Amino acid sequence: MTMKTLFDREGVTLEAGDARLSLSGQPDFDNAAELADSGRKWLGRREDGVSIDLCGVDSASTATLSVLLEWQRHLAEHGGHVAHLALSPALSRLAAVSGLENLLPGLNVAEISTEPPLSLETS
């Protein structure tokens with residue numbers, strides 16, 4: 001699958017291909033709005049299922065979850081949905097600790113680690 005780079009700055013990369021978005025690096029609030037916008041533009045008015053891969057996200061950040069929720073909202077507004085969601089271990093723990101796992105469609109909750117996170121980054 002050929003991936004197109006939508007965002008690549010300061011070690012944070014957002015790529016897209018077919019019906020898949022992939023985010024890696026350490027997103028934070030300095031780039032969250034730009035990441036959300038880049039993803040929304042690619043998502044456009046999709047009315048199908050999209051896979052979102054956040055396995056390459058290095059740290060647990062509420063900024064990353066905010067971006068994910070924005071993409072989810074955008075898809076829902078246009079009749080699309082998240083068909084599959086893959087989170088890094090750090091994001092899985094943050095989703096579990098914050099009680100968001102039930103708000104993340106496409107996420108296999110059995111994959112979420114309930115181990116307490118070593119540290120949570122809130123920036």
Side-chain angles (χ1 to χ4, degrees):
M1 167 183 16
T2 303
M3 299 289 279
K4 175 184 177 185
T5 301
L6 305 177
F7 181 95
D8 189 2
R9 197 167 306 125
E10 298 175 3
V12 177
T13 304
L14 176 63
E15 297 178 311
D18 295 333
R20 181 173 178 250
L21 276 175
S22 179
L23 179 63
S24 62
Q26 294 185 356
D28 57 27
F29 283 105
D30 291 336
N31 53 32
E34 229 178 321
L35 281 169
D37 188 51
S38 295
R40 272 193 313 268
K41 286 178 183 171
W42 180 81
L43 291 168
R45 297 187 176 276
R46 294 188 78 101
E47 296 179 1
D48 58 352
V50 175
S51 292
I52 298 178
D53 181 354
L54 304 179
C55 289
V57 173
D58 299 330
S59 60
S61 168
T62 55
T64 305
L65 289 179
S66 295
V67 169
L68 174 61
L69 291 170
E70 174 59 22
W71 292 341
Q72 176 185 325
R73 183 194 61 76
H74 179 86
L75 280 165
E77 285 179 358
H78 298 288
H81 66 280
V82 178
H84 182 262
L85 175 61
L87 300 178
S88 67
L91 284 173
S92 292
R93 289 190 299 270
L94 180 57
V97 166
S98 62
L100 289 176
E101 67 273 10
N102 293 327
L103 299 176
L104 301 173
L107 178 64
N108 181 351
V109 290
E111 295 174 1
I112 292 181
S113 169
T114 56
E115 296 283 322
L118 298 177
S119 66
L120 292 177
E121 180 182 318
T122 57
S123 59

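This structure is a prediction, so every number in the text was calculated from the model and none was measured.
- The one candidate from Asp53, Ile52, Val50 that meets the side chain to side chain contact (heavy atoms under 4.5 Å, CB included) condition with Arg20 is Asp53.
- When all heavy atoms of Trp42 and Gly17 are compared, the closest pair comes out as CZ2-N, 4.2 Å.
- The CG atom of Asn31 sits 12.5 Å away from the CG atom of Asp37 when rounded to the nearest 0.5 Å.
- Across all their heavy atoms, Leu94 and Ser98 have their closest contact at O-OG, 2.8 Å.
- Leu104 places none of its side-chain heavy atoms less than 4.5 Å from the side chain of Val82.
- Take His81 and apply the ring pair (Phe, Tyr, Trp, His ring centres under 6.0 Å) test, not counting sequence neighbours, and it matches no residue.
- Counting only distance, with no hydrogens or angles, the side chain of His74 and the backbone of Gly44 share a donor-acceptor pair below 3.5 Å.
- Going from atom CD of Glu15 over to atom OG1 of Thr2 covers 11.0 Å, rounded to the nearest 0.5 Å.
- In this structure, Leu23 and Leu68 have side chains that are not in contact, with every pair of non-hydrogen atoms separated by 4.5 Å or more.
- For the atom pair CZ of Arg9 and CG of Asp30, the computed distance is 11.5 Å after rounding to the nearest 0.5 Å.
- Listed here is the closest heavy atom pair of Ala90 and Ala60: O-CB, 3.4 Å.
- Heavy-atom neighbours of Glu77 CD from other residues, nucleotides or ligands within 6.0 Å: above the threshold of 12.
- Partners of Thr13 according to the side-chain hydrogen bond (donor to acceptor under 3.5 Å, both in side chains) rule, which considers only residues two or more places apart in sequence or in another chain, are Asp8.
- Scanning all heavy atoms of the two residues, the minimum distance from Pro27 to Ser61 falls at O-OG, 3.5 Å.
- Separating the OG atom in Ser22 from the CG atom in Leu54 is a distance of 8.0 Å, to the nearest 0.5 Å.
- Checked by atom type and distance alone, the side chain of Ser88 pairs as donor or acceptor with a backbone atom of Val57 at under 3.5 Å.
- Under the salt bridge (Lys or Arg N to Asp or Glu O under 4.0 Å) criterion, the residue pairs touching residues 57-72 are Arg40-Glu70, Glu70-Arg73, with sequence neighbours excluded.
- Closest approach of Phe7 and Val12 over heavy atoms only: CD2-O, 3.5 Å.
- Counting only heavy atoms from C-beta outward, the side chains of Lys4 and Leu6 approach each other to under 4.5 Å.
- Ser38 contributes atom OG, which lies 10.5 Å from atom CG of Leu43 (distance to the nearest 0.5 angstrom).
- Here the closest heavy-atom approach between residue Ala16 and residue Leu21 is recorded as CB-CD2, 3.8 Å.
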